[in-house]
Amino acid sequence: ESAEELARADVDVRLESLQLGADGTSIDGSMRVRNVAFEKAVAVRFTCDWWQTTSEVAARYAEAVPGSAGAFDRFRFTIRLNDMMGRIGEKTMFLAVRYTAAGREMWDNNAHQNYRITFAWKAEAGQGVRKAREAGRAASIADLKSKLEKVASEDESRTTVGGFLA
């Protein structure tokens, strides 16, 4: 473990993992919380507009952390991105974990930095080929139009009627 991980090993709440869901439309994560009471509430608060508005998702109990002798529990959460998929490119999401138990509220906000996710669209393999084909078609149409204009201008004796050569 790194020095940072060792320093954070004994905290009451800690985000353990954060990743894009398998289908690409959600963020999945897990956190470890100290088992200070049987009843606990664990949630993730997040924003995509620099904290002007916030949303929160509840985390669900997954298991007792193996090897912790019952001192820590693991919770998992999912943030669904479906509502924002059309405008998610180049957005930044900030999040923090909130843990409430035994009348206390505890946070993991990445040492006051908040956790940050930056979204960007990734071009699919094959899109370059499609764009090249479309560009080729456009070039072919432009080339054909140029040739037709050249033919029409070389034959000055002919006139056009309604867009057709007469």
Side-chain angles (χ1 to χ4, degrees), residues 1-140:
E1 289 185 283
S2 72
E4 182 180 332
E5 288 171 327
L6 288 172
R8 295 182 67 203
D10 201 38
V11 296
D12 292 326
V13 56
R14 182 181 87 180
L15 182 67
E16 291 184 309
S17 70
L18 196 59
Q19 62 193 22
L20 188 62
D23 66 355
T25 63
S26 64
I27 299 293
D28 298 324
S30 68
M31 67 279 285
R32 183 201 71 186
V33 299
R34 184 179 304 280
N35 194 1
V36 297
F38 178 75
E39 287 188 37
K40 36 184 100 55
V42 183
V44 176
R45 186 169 294 173
F46 63 96
T47 182
C48 288
D49 60 9
W50 299 84
W51 301 107
Q52 291 179 34
T53 60
T54 61
S55 296
E56 197 167 278
V57 294
R60 63 196 174 286
Y61 175 82
E63 63 186 348
V65 173
S68 74
F72 293 96
D73 291 330
R74 180 167 292 124
F75 282 72
R76 298 192 193 287
F77 66 92
T78 298
I79 299 172
R80 303 212 185 285
L81 304 173
N82 299 21
D83 292 344
M84 59 180 107
M85 287 302 289
R87 59 192 188 285
I88 201 165
E90 308 306 323
K91 283 216 179 257
T92 300
M93 176 185 286
F94 293 95
L95 60 92
V97 178
R98 182 176 52 84
Y99 171 39
T100 307
R104 295 175 39 210
E105 185 174 82
M106 298 151 272
W107 288 86
D108 177 8
N109 60 7
N110 194 23
H112 305 286
Q113 301 295 310
N114 295 313
Y115 291 96
R116 172 185 256 184
I117 303 167
T118 302
F119 297 97
W121 290 111
K122 180 180 175 186
E124 294 285 331
Q127 280 189 345
V129 172
R130 189 181 78 225
K131 287 182 180 178
R133 280 190 198 135
E134 289 171 1
R137 275 192 218 116
S140 295

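The structure presented is a predicted model; accordingly, all values stated were derived computationally and were not measured.
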All side chain to side chain contact (heavy atoms under 4.5 Å, CB included) counterparts of [X], not counting sequence neighbours:
X	result
D83	none
N114	W51, F94, A96, N109
Q52	D49

* Asked: Below 4.5 Å, heavy atoms only, C-beta onward: do N35 and K40 meet side chain to side chain?
  -> yes
* Is any side-chain heavy atom of R34 closer than 4.5 Å to a side-chain heavy atom of M106? -> no
Between side-chain atoms of residues 57-66 and protein atoms elsewhere (two or more places apart, or another chain), which donor-acceptor pairs fall under 3.5 Å?
| from | atom 1 | to | atom 2 | distance (Å) |
| --- | --- | --- | --- | --- |
| R60 | NH1 | R76 | O | 3.2 |
| Y61 | OH | A64 | N | 2.9 |
| E63 | OE2 | R74 | NH1 | 2.6 |

Where do [X] and [Y] come nearest, in terms of heavy atoms and distance?
X	Y	value
A101	E39	CB-O, 3.8 Å
T78	S26	CG2-CB, 3.7 Å
L18	F77	CD1-CZ, 3.8 Å
W107	E105	NE1-OE1, 3.2 Å

* Asked: Just one of T100, D73, V33 clears the side chain to side chain contact (heavy atoms under 4.5 Å, CB included) bar with V42, so which one?
  -> V33
Looking at [Y], is its backbone amide N or carbonyl O close enough to the side chain of [X] to form a donor-acceptor pair, meaning the two atoms are under 3.5 Å apart?
X	Y	value
R32	V11	yes
T118	T92	no
D108	N110	yes

* **Set of residues satisfying salt bridge (Lys or Arg N to Asp or Glu O under 4.0 Å) with respect to R116, sequence neighbours excluded** => none
* Asked: In chain order, what residues pass the ring-ring contact (aromatic ring centres under 6.0 Å, His included) check against Y99, with sequence neighbours excluded?
  -> none
About how many Å separate [atom2] of [Y] and [atom1] of [X], when rounded to the nearest 0.5 Å?
X	Y	atom1	atom2	result
C48	R87	SG	CZ	8.5 Å
M93	I27	CE	CD1	6.0 Å
N82	D23	CG	CG	7.5 Å
L81	F119	CG	CZ	5.0 Å

* Asked: Given the rule in the side chain to side chain contact (heavy atoms under 4.5 Å, CB included) test, do L95 and I79 qualify, once you have shown the distances and angles that lead to the verdict?
  -> CA-CA 11 Å; L95 60 92; I79 299 172; 4.2 Å; yes
